[in-house]
There are 2 protein chains.
Amino acid sequence: MRIGELAARAGTTTRTLRYYESRGLLPARRNDNGYRTYDENDLKLLRQIRTLQDFGFDLEETRPFVECLRAGHPEGDSCPASLAVYRRKLDELDALIGELQAVRAKIGLRLAMAEGEPPLCELGGQEL
Amino acid sequence: MRIGELAARAGTTTRTLRYYESRGLLPARRNDNGYRTYDENDLKLLRQIRTLQDFGFDLEETRPFVECLRAGHPEGDSCPASLAVYRRKLDELDALIGELQAVRAKIGLRLAMAEGEPPLCELGGQEL
DNA sequence: TGTTGCCTTGACGTCGGCGTCAAGGACTAC
DNA sequence: GTAGTCCTTGACGCCGACGTCAAGGCAACA
């Protein structure tokens, strides 16, 4: 299969695939006329990448999963390096969620304070 | 006070202040030799901007707060436009936190699955 | 007078993950 | 042959919030 078909089947673009190749993430075979050629396994690798991207992994973080699949393992996360990425990501997510919740609390408090105070503004008593 | 002192007192850089000015967020008076001149109120505006930036507001979102202060109100959030930004930010945060928690759950599940499965890898029984 | 240290404007660089355009080659259908 | 659709490489654009460098002006002090 050529690049256009692979892109379509994975729901992405040819530009994206060339970008992945430029990053060494998804190299392609070439046929006689220089066209990139892919097989079903490449589609599997690509879908792995896309799934992780949807989770918020950046490209470099997907590399262990891709290499794991390319090494013949049934799942991208069948290898220790992938699990390490999972764990690091969980820690990052926990930290981020915690920070966001803290910020949310602060803003919520400020909003309540500002709403509770007499307006002091040129506000004409709209429904608060 | 000149730009360097203001930057130092707000814990930021002169580049940042010039950037804010270029965005129309923190315009400066000029003295005879062309140097930017700021007063204590500018420091207050700047601290308002920085606080909101720390909360993850982007620059444009801080504008209503700055204009509120410049209009003479005691707090940046004493005006309806600022409260509207607060509310929008709360909604965004709730949505984002929800998405991150969903992703966290999915990754956690995948990690548990991958750890529960027999390794299938060239792993030498490290502590999992 | 010279040196230091602040200031000025202008402009290019950064980061990630591509989008978008340009110029041209390859292949198919009619 | 030629129109249309795919493919190729190369290169610039984008976004936000600045960092960093260059070339030069202004002020104070020895």
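Checking each of Asp54(A), Ile97(A), Leu93(A) against Val103(B) for a side chain to side chain contact (heavy atoms under 4.5 Å, CB included) leaves exactly one that passes, namely Leu93(A). The one candidate from Thr51(A), Val85(A), Ile49(A) that meets the side chain to side chain contact (heavy atoms under 4.5 Å, CB included) condition with Thr62(A) is Ile49(A).
Rounded to an integer number of Å, the gap from CG of Leu52(B) to P of dA17(D) is 12 Å. Between Ile49(A) atom CD1 and dG16(C) atom C1' there is a gap of 15 Å when expressed in whole angstrom units. When the C1' atom of dA17(D) is taken as reference, atom CZ of Phe57(B) falls 17 Å away, rounded to whole Å. Rounded to an integer number of Å, the gap from CZ of Arg23(A) to P of dC15(C) is 11 Å. dG10(D) atom C1' lies 11 Å from atom CZ of Arg18(A), rounded to whole Å. Here the P atom of nucleotide dC6(D) and the CD1 atom of Ile3(A) are 13 Å apart, to the nearest Å. Rounded to an integer number of Å, the gap from Leu6(B) CG to dT8(C) P is 11 Å. Between Arg36(B) atom CZ and dG25(D) atom C1' the separation is 14 Å, expressed in whole Å.
Ranking dG19(D), dT8(D), dG19(C) by closeness to the Thr16(B) side chain, first place goes to dG19(D). In the set dG19(D), dA17(D), dT8(C), the nucleotide with an atom closest to the side chain of Asp58(B) is dA17(D).
Put simply, the side chain of Thr16(A) never gets that close to the backbone of Thr12(A): no donor and acceptor are under 3.5 Å apart.
Looking at which nucleotide of DNA chain D each of Leu59(B) and Glu5(A) is closest to, the 5′-most match is held by Glu5(A). Checking Arg50(A) against Gly4(B), the closest nucleotide of DNA chain C that is more toward the 5' end is the one next to Gly4(B).
Under 4.0 angstrom from either OP1 or OP2 of dC18(D) there lies at least one side-chain N or O belonging to Gln53(B). Regarding contacts with the backbone of dC18(D), every side-chain N or O of Thr13(B) stays at 4.0 angstrom or more from both OP1 and OP2. Proximity of Tyr20(A) to the phosphate of dC18(C): a side-chain N or O atom is located under 4.0 Å from OP1 or OP2. The side chain of Arg2(B) places no N or O atom within less than 4.0 Å of a non-bridging phosphate oxygen (OP1 or OP2) of dC6(C). For Thr14(B) and dC7(C), the shortest distance from a side-chain N or O to OP1 or OP2 is not below 4.0 Å. For Asn33(B), no side-chain nitrogen or oxygen approaches OP1 or OP2 of dG25(D) to under 4.0 Å.
Judged by the 6.0 Å and 45° rule, Lys106(B) forms no cation-pi pair with Phe55(A).
Taking only distance into account, the side chain of Tyr35(B) meets the base of dG25(D) through a donor-acceptor pair shorter than 3.5 Å. For a distance-only test at 3.5 Å, the side chain of Arg15(A) qualifies as a donor-acceptor partner of the base of dT20(C).
Separation of atoms CG (Asn31(B)) and CZ (Arg29(B)) is listed at 11.5 Å; rounding is to 0.5 Å.
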